[in-house]
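Here's the structure, in structure tokens; my notes come after.
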There are 2 protein chains.
Amino acid sequence: MPYRRTAAVQERLDATRTAIVEAAHTLVAERGYAGCSVALVAAAAGVATGTVYRHFPDKGALFAEVFRAATQREVDAVAAAAAGPGTVAERVEACVTTFARRAFRAPRLAWALIAEPVDPQVEAERLAYRAAYRDIFARLVADAVAAGELPPQDPQVSAAGVVGAMAEALVVPLHVGDDMGRAPVGTVPALSAFVVRSLGAR
Amino acid sequence: MPYRRTAAVQERLDATRTAIVEAAHTLVAERGYAGCSVALVAAAAGVATGTVYRHFPDKGALFAEVFRAATQREVDAVAAAAAGPGTVAERVEACVTTFARRAFRAPRLAWALIAEPVDPQVEAERLAYRAAYRDIFARLVADAVAAGELPPQDPQVSAAGVVGAMAEALVVPLHVGDDMGRAPVGTVPALSAFVVRSLGAR
DNA sequence: CGAACAAGTGAACTGCGGTTCAGTGCTTCG
DNA sequence: CGAAGCACTGAACCGCAGTTCACTTGTTCG
């Protein structure tokens with residue numbers, strides 16, 4: 001039994017894998033998906049190109065994981081806002097504000113997650129991402145309708161509408177020009193008012 | 001002066017160009033942008049690959065034109081609905097219904113126009129497309145707010161929200177599965193109600 | 001007709017980035 | 001130690017679709 005994967009080795013392995021994922025995440029946040037070649041990711045992680053393929057079967061799998069992780073953070077933040085205290089209107093507003101503030105804080109990442117052209121494999125993650133948002137709002141709406149806090153409506157359609165509205169309203173300022181990050185201050189309250197109104201709150 | 005481009009020749013030239021554009025349009029409507037190689041378009045148009053490059057500088061320019069034309073038809077249809085008679089709510093509803101019905105009638109084309117990953121050059125056309133829709137709704141909203149038919153709101157944000165909501169609500173059924181074309185009957189009225197409510201109509 | 005040139009052809013080229021793999025050096029454990 | 005086997009390396013490979021271009025075919029007009 002001349003070789004066994006020791007704990008220390010496994011740890012280094014995991015560290016390398018993590019370094020690759022984090023390098024990829026950083027690069028996506030800086031330059032978008034289009035600016036991320038495997039060679040570049042490897043260099044940023046301090047490993048050789050081939051090493052990436054010891055941890056991931058192909059590029060798509062790597063970035064699917066990157067997107068999944070990045071996405072989960074965003075969804076969790078919004079879910080937390082949805083679970084907060086207050087009326088439906090207040091919670092919806094908290095969701096929109098949370099989503100928008102985070103997007104403007106990392107605009108390129110947000111654009112990559114929401115709208116940038118990506119491989120089918122990664123696109124699948126994005127669909128899941130949007131579905132997760134839809135579910136948050138759909139549940140919020142369904143509960144509120146049942147409780148009589150909102151007028152009758154199709155929660156799925158309303159939720160899709162809300163997600164689409166948020167995405168569209170943010171993609172416009174995110175995509176135009178290079179001076180992203182300058183938060184269009186007026187946009188967020190206006191968007192949030194739109195969303196609250198769209199659900200028939202108050 | 002041994003050669004001059006005669007009217008008959010010019011006509012044939014124009015016909016070829018048109019054939020290429022129409023072939024590209026048909027292929028996009030059938031298989032999406034991803035399924036459209038230059039060679040395939042050329043074959044469908046009954047010309048050689050190189051001929052495409054006598055009419056367009058590159059693939060992006062060809063498809064930018066295809067998208068522009070396809071887009072214009074859609075935008076015109078919605079603009080006509082917006083210009084129709086009736087209250088704001090009725091006209092908005094007409095816009096949503098027009099948009100949705102047309103999308104479900106040619107689902108693959110709609111998906112390509114709205115959401116499929118495309119080249120940056122073509123993406124630019126898509127942005128123009130969305131901007132055109134935004135303008136229609138922004139004007140509708142601005143006028144209605146001025147006339148006191150709608151509550152005060154930022155017309156640009158509201159318009160973006162409406163466009164995003166329509167796109168998202170339709171992309172979901174358009175993208176899922178291969179059995180596109182089966183119109184989810186309940187979705188359109190629900191979406192239309194959502195949009196009308198989002199603007200604060202009635 | 002035939003000289004001059006445009007339009008059309010399609011096989012070959014090209015550039016790019018994902019992927020591979022033979023070679024190197026490290027880790028394990030008897 | 002040292003044999004066995006793994007992780008790592010990075011230059012070379014490869015596939016693909018957009019693009020090119022030497023050549024063929026068609027058109028004009030003195």
Side-chain angles (χ1 to χ4, degrees), chain A residues 1-21 23-24 27-28 31-67 116-123, chain B residues 1-21 23-24 27-28 31-67 116-123:
Chain A
M1 201 189 288
Y3 188 92
R4 218 180 330 173
R5 188 178 285 179
T6 216
V9 170
Q10 185 61 53
E11 211 164 306
R12 267 202 311 106
L13 239 38
D14 292 349
T16 300
R17 196 193 145 94
T18 303
I20 292 169
V21 170
L27 281 173
V28 170
R31 353 178 64 179
Y33 183 76
C36 288
S37 68
V38 174
L40 204 62
V41 171
V47 298
T49 311
T51 303
V52 173
Y53 288 86
R54 303 209 133 259
H55 294 273
F56 301 92
D58 52 30
K59 189 190 184 185
L62 164 58
F63 280 93
E65 179 161 331
V66 170
F67 270 57
E116 188 182 4
V118 294
D119 291 9
Q121 212 169 147
V122 181
E123 181 73 25
Chain B
M1 202 189 289
Y3 188 92
R4 218 180 331 175
R5 187 179 288 178
T6 218
V9 170
Q10 183 63 52
E11 211 163 306
R12 266 203 310 107
L13 239 38
D14 292 348
T16 300
R17 195 192 145 97
T18 302
I20 292 168
V21 170
L27 281 173
V28 170
R31 352 177 66 184
Y33 183 75
C36 289
S37 68
V38 174
L40 204 62
V41 171
V47 298
T49 311
T51 304
V52 173
Y53 289 87
R54 301 207 138 261
H55 293 274
F56 301 92
D58 52 31
K59 188 191 184 183
L62 164 59
F63 280 93
E65 180 161 329
V66 170
F67 269 57
E116 188 181 4
V118 294
D119 292 8
Q121 213 170 146
V122 180
E123 180 71 25

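Lettering of chains follows the sequences in order, A, B, ..., and the numbering in each one begins at 1.
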Whole-Å distance separating the CG atom of Leu62(A) from the P atom of dG17(C):
16 Å
Send over the distance from Phe63(B) CZ to dT19(D) P, rounded to a whole Å.
11 Å
Beyond-backbone contact of Asp119(A) with Phe63(A), side-chain heavy atoms, under 4.5 angstrom
no
Without decimals, in angstroms, what is the distance between Phe56(B) CZ and dT20(D) P?
16 Å
Atom CD of Gln10(B): over 12 foreign heavy atoms under 6.0 Å:
yes
Side chain of Glu116(B), backbone of Ala34(B): donor and acceptor closer than 3.5 Å?
yes
Of all heavy-atom pairs linking Ala19(B) and Ala45(B), the shortest is O-CB, 3.8 Å
Hey, mind stepping through Val21(A) and Phe56(A) against side chain to side chain contact (heavy atoms under 4.5 Å, CB included) and telling me if it holds?
CA-CA 10 Å; Val21(A) 170; Phe56(A) 301 92; 3.7 Å; yes
Base, backbone or nothing for each nucleotide of nucleotides 8-18 of chain D, written B, S, -, heavy atoms under 4.0 angstrom, 5' to 3'?
BBB-------S
Exactly one of Asp14(A), Val47(A), Thr16(A) should register a side chain to side chain contact (heavy atoms under 4.5 Å, CB included) with His55(A). Which one does?
Thr16(A)
Any idea which heavy atoms bring Leu62(B) and Val41(B) closest together, and the distance?
CD2-CG1, 4.3 Å
Scan nucleotides 23-25 of chain C against the protein and return all N/O pairs shorter than 3.5 Å with their distances rounded to 0.1 Å.
none

Among pairs that include at least one residue of residues 43-64 of chain A, which meet salt bridge (Lys or Arg N to Asp or Glu O under 4.0 Å), considering only residues two or more places apart or in two chains?
none
